[in-house]
Amino acid sequence: QVQLVESGGGLVQAGGSLRLSCSASGRTFSSYTMGWFRQASGMEREFVAAISRGSGLYYRDSVKGRFTVSRDNAKNTVYLQMNSLKPEDTAVYYCAAGPYGGITRPMDYMYWGQGTQVTVSS
């Protein structure tokens, strides 16, 4: 099993930046696609970004050019650097680990963190 813990969320003004971290334990970290999802109040969980087992990068259109996902396998950690934040980025952000290669759907992921709140004020 894999346990994931997100950190780095908080309050930020529009245009600001945050860096989220997701620390994993319990399994071979490098064998998993690592994804970021978010869920705004009253909305469905949506794909944000992911880095595959082969280090391919994937982003939803609305965050391209603003967010960067990366991983450090030696540290069992995945990051989401978020720049030029907008109020519509406000959500609980979840880290997830997927063992089978799927990228953009929640069903592609087996393990989930508890989430970290990101609030962007205007």
Side-chain angles (χ1 to χ4, degrees):
Q1 64 183 25
V2 175
Q3 292 181 296
L4 305 174
V5 180
E6 303 97 335
S7 63
L11 303 173
V12 65
Q13 291 186 319
S17 298
L18 286 172
R19 190 190 197 197
L20 305 184
S21 298
C22 173
S23 297
S25 63
R27 274 293 184 180
T28 304
F29 180 77
S30 62
S31 297
Y32 292 87
T33 294
M34 300 300 298
W36 289 97
F37 290 75
R38 66 188 182 189
Q39 189 166 20
S41 181
M43 305 292 286
E44 292 188 344
R45 190 167 299 187
E46 65 182 17
F47 173 77
V48 178
I51 182 164
S52 72
R53 291 169 290 182
S55 297
L57 305 178
Y58 305 85
Y59 302 94
R60 72 179 296 109
D61 287 345
S62 62
V63 309
K64 289 179 179 176
R66 300 189 298 122
F67 291 11
T68 303
V69 63
S70 61
R71 68 193 297 162
D72 187 336
N73 290 336
K75 295 182 178 180
N76 282 2
T77 302
V78 63
Y79 305 95
L80 184 66
Q81 178 67 48
M82 305 186 294
N83 299 326
S84 301
L85 283 162
K86 304 175 181 179
E88 50 263 47
D89 296 317
T90 295
V92 177
Y93 282 70
Y94 297 90
C95 176
Y100 299 118
I103 301 295
T104 63
R105 302 173 300 175
M107 64 182 294
D108 295 325
Y109 296 85
M110 181 177 294
Y111 304 103
W112 295 82
Q114 290 82 13
T116 185
Q117 177 70 49
V118 171
T119 302
V120 184
S121 63
S122 61

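Looking at Trp36 and Cys95, their side chains come closer than 4.5 Å, going by heavy atoms from C-beta outward. The shortest side-chain heavy-atom distance between Ile103 and Ser52 falls under the 4.5 Å cut-off. The closest side-chain heavy-atom distance from Tyr32 to Met110 is not below 4.5 Å. When side chains are defined from C-beta on, Thr33 counts as touching Tyr109, because their heavy atoms get closer than 4.5 Å.
Atom OG of Ser62 and atom CD of Glu88 lie 8.0 Å apart (nearest 0.5 Å). One finds the OH atom of Tyr100 at 11.5 Å from the CE atom of Met107 (value rounded to the nearest 0.5 Å). Here CG of Asn76 is found 10.0 Å from SG of Cys22. Values are rounded to the nearest 0.5 Å. Annotation: the span from Ser30 atom OG to Arg71 atom CZ amounts to 7.0 Å, rounded to 0.5 Å. To the nearest 0.5 angstrom, Gln39 atom CD is 9.0 Å from Ser41 atom OG. Rounded to the nearest 0.5 angstrom, Gln117 CD and Thr90 OG1 are separated by 7.0 Å.
If you chain together hydrophobic residues whose side chains sit under 4.5 Å apart, Trp112 and Val69 never meet in one group. Residues Tyr59 and Ile51 share a hydrophobic cluster, clusters being chains of Ile/Leu/Val/Met/Phe/Trp/Tyr side chains in contact below 4.5 Å. Residues Val2 and Tyr79 do not share a hydrophobic cluster, defined by chaining ILVMFWY side chains whose heavy atoms lie under 4.5 Å apart. Cluster membership check: Leu18 shares its hydrophobic cluster with Met34, using side-chain heavy-atom separations under 4.5 Å among Ile, Leu, Val, Met, Phe, Trp and Tyr. Connection of Val78 to Leu57 is established within a shared hydrophobic cluster, with ILVMFWY side chains joined at heavy-atom distances below 4.5 Å, either directly or through further cluster members.
For Tyr58 and Phe47, the distance between ring centers is not under 6.0 angstrom.
Minimum heavy-atom separation, Pro87 to Ser122: CG-CB, 3.8 Å. When all heavy atoms of Ala97 and Leu4 are compared, the pair lying nearest together is N-CD1, 3.7 Å. Nearest heavy-atom pair, Ser84 versus Asp89, reported as atom, atom and distance to 0.1 Å: O-OD2, 4.5 Å. Heavy atoms only, all atoms of each residue included: Tyr111 and Gln1 are closest at OH-CA, 3.6 Å. The two residues Ala91 and Arg38 come nearest to each other via the heavy atoms CB-CB, 3.7 Å. Nearest heavy-atom pair across Thr77 and Ser21 is CG2-CB, 4.4 Å.
A salt bridge links Asp61 to Lys64: at least one charged side-chain nitrogen sits closer than 4.0 Å to a carboxylate oxygen.
Counting non-hydrogen atoms of other residues, nucleotides and ligands closer than 6.0 Å to CD of Gln3 gives a total of 12 or fewer.
Partner of Ser17 under the side-chain contact (heavy atoms from CB on, under 4.5 Å) criterion, chosen from Gln81, Arg66, Met82: Gln81.
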### Task
Dump the intermediate steps for side chain to side chain contact (heavy atoms under 4.5 Å, CB included) on Val120 and Val118, then the final yes or no.
CA-CA 7 Å; Val120 184; Val118 171; 4.1 Å; yes
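Using bins of under 30°, 30° to 60° and over 60° for the plane-to-plane angle, the ring pair Tyr93/Phe67 lands in the tilted bin.
A donor-acceptor pair under 3.5 Å links the side-chain atoms of Glu6 to the main chain of Gly115, judged by distance alone.
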